[in-house]
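See below for the structure under consideration.
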Amino acid sequence: MPELPEVQTVVNSLLPHVVGARFIRVTTLRPDFIVPPGTDLPALLTGRTVTSIHRRAKRIIFTLDTHQRFLIHLGMTGRVTLHPVGSPPVRHTHVVLAVASPVRKSIEIHLCDPRRFGELRWLGDDTGEDGLGYEPLALRPRALAALLATSRRPVKSFLLDQAAVAGLGNIYADESLFAAGLHPLTPCNRITRDQAARLCRCIKAVIRKALYHRGSSLRDYVDAEGGKGAFQKLHQVYGRAGKPCRRCRTPIERIVLSGRSTCFCPKCQSAA
DNA sequence: GTCCATGTTCTTTA
DNA sequence: CTAAAGAACATGGA
């Protein structure tokens, strides 16, 4: 479900309901969804107010009035949705956060994640390094070129590496490479400065367009109000193996790279 | 039954 | 030593 555009859309749809609200009841239906193990989330959150919510890479970070923080990672199938107080949680709902605001009606945040690859991680006062690389929208051509020059790995693997560029996943890596006309197997250190600059522009263009369309809804993804994204309709290569390239009609190819399905146009994306 | 899935991390192999 | 490949996690849909 969640790459940068989807996670940002969730944050945007959560913001007006949750910033300034206070936790009035915290229910952990599945305690092992919360890390570190043994974290007493109800004790830590009840009575606290949310001062801000923001996205970093694919993580949703909540900051409290105590300056303590926690994050939600949606893994592959996670959902964060808003519901009226007292709504029965659907199957695979692991945490329910009820919040009240002086100016808005009370509401519940439900965290649901069938595959449980996601987590709610208590950060507390920790302000240490997060180990994540550049935000794609803040990436500069020279920084990207410098990073690429240090590696021989396939550029697709590089784009999936959160320690290099943080926030892209399988969909937006493939779409960015198509937009940039780069073959996914191209060794990073064989990418020219011009190609790197183009890739930098294309990553941003793809992400901005996906944000405008509120992300890609394939199976699970919805925003906090249950709304689906529309960017899946505009995918050029992702999930289109065997179908004609929208630009040149050549059948889209599918290979496996870094254990992930990788789709590209063999004609539009110059050979490695 | 089979294969596949928007993610991350650990282990094994080369 | 490094990097790539593979497996693992858990569930559901085609």
Side-chain angles (χ1 to χ4, degrees), chain A residues 1-11 29-37 55-60 71-80 90-94 111-121 130-133 136 147-178 184-190 203 206-207 209-211 213-223 227-242 254-263 272:
Chain A
M1 140 183 194
E3 299 181 35
L4 188 158
E6 291 76 31
V7 177
Q8 184 65 56
T9 302
V10 170
V11 168
L29 292 81
R30 184 145 197 144
D32 66 358
F33 192 71
I34 297 163
V35 290
R55 178 196 59 76
R56 165 67 171 132
K58 301 174 189 173
R59 305 168 181 184
I60 304 169
L71 70 79
I72 294 170
H73 195 295
L74 300 170
M76 201 84 104
T77 55
R79 286 183 175 194
V80 180
V90 301
R91 185 167 152 84
H92 301 303
T93 298
H94 308 313
L111 310 190
C112 172
D113 183 4
R115 286 171 76 176
R116 275 181 277 140
F117 288 174
E119 65 181 20
L120 187 160
R121 177 173 295 271
D130 58 16
L132 297 168
L147 267 185
L148 289 169
T150 66
S151 171
R152 275 162 293 193
R153 70 209 293 210
V155 63
K156 164 78 183 277
S157 307
F158 171 87
L159 291 182
L160 292 177
D161 181 353
Q162 302 298 299
V165 178
L168 301 183
N170 213 27
I171 297 174
Y172 299 104
D174 279 5
E175 292 297 319
S176 297
L177 289 171
F178 174 82
L185 291 175
T186 310
C188 288
N189 63 352
R190 285 187 35 203
I203 288 170
V206 166
I207 293 292
K209 200 167 178 180
L211 283 167
H213 290 280
R214 305 177 64 86
S216 304
S217 287
L218 300 178
R219 271 175 201 76
D220 302 282
Y221 169 67
V222 291
D223 66 24
K228 294 186 175 191
F231 192 67
Q232 68 281 359
K233 296 172 190 166
L234 302 178
H235 291 170
Q236 303 296 302
V237 287
Y238 180 85
R240 299 194 66 248
R254 175 186 179 275
I255 59 174
V256 174
L257 209 174
S258 299
R260 313 300 298 281
S261 182
T262 297
C263 297

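If you're wondering where the values come from, they're calculated on a predicted model, not measured in any experiment. All values below were derived from every heavy atom in this structure, side-chain atoms included, with hydrogens, water molecules and symmetry-related copies excluded.
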Reckon [X] touches a base, only the sugar-phosphate, or nothing at all at heavy-atom distances under 4.0 Å?
X	answer
A/Arg59	nothing
A/Arg115	base
A/Tyr172	nothing
A/Gly259	nothing
A/Ser151	nothing

Could you give the distance separating [M] and [N] at their [atom1] atoms, to the nearest angstrom?
N	M	atom1	value
C/dA7	B/dT2	P	15 Å
B/dT11	C/dA10	P	16 Å
C/dG6	B/dC3	P	15 Å

Among the nucleotides [options], which one has an atom lying closest to any side-chain atom of [X]?
X	options	result
A/Arg254	C/dT11, B/dT6, B/dC4	B/dC4
A/His73	B/dG7, B/dT6, C/dT11	B/dG7
A/Arg219	B/dA5, C/dA10, C/dT11	B/dA5
A/Lys58	B/dT6, B/dT8, C/dT11	B/dT8

How far apart are the C-alpha atoms of A/Arg153 and A/Asp161, what are their side-chain angles, what is the distance that settles it, and do they pass the salt bridge (charged side-chain N to carboxylate O under 4.0 Å, His left out) test? CA-CA 11 Å; A/Arg153 70 209 293 210; A/Asp161 181 353; 2.9 Å; yes
For [N] and [X] - does any side-chain N or O of the residue sit under 4.0 Å from the phosphate oxygens OP1/OP2?
X	N	answer
A/Arg260	B/dG7	yes
A/His92	C/dA10	no
A/Thr77	B/dT6	no

Quick one: the side chain of A/Arg153 and the base of C/dA4, do they pair up donor-acceptor inside 3.5 Å?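 No pair found.
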Any strand: nucleotide that pairs with C/dA10 via Watson-Crick or wobble, under 3.5 Å: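 With both distances under 3.5 Å required, C/dA10 matches none.
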Worked verdict on A/Leu74 versus A/Asp113 for side-chain contact (heavy atoms from CB on, under 4.5 Å): CA-CA 7 Å; A/Leu74 300 170; A/Asp113 183 4; over 6 Å; no
Exercise: do A/Tyr172 and A/Glu6 side chains pair donor with acceptor under 3.5 Å: yes
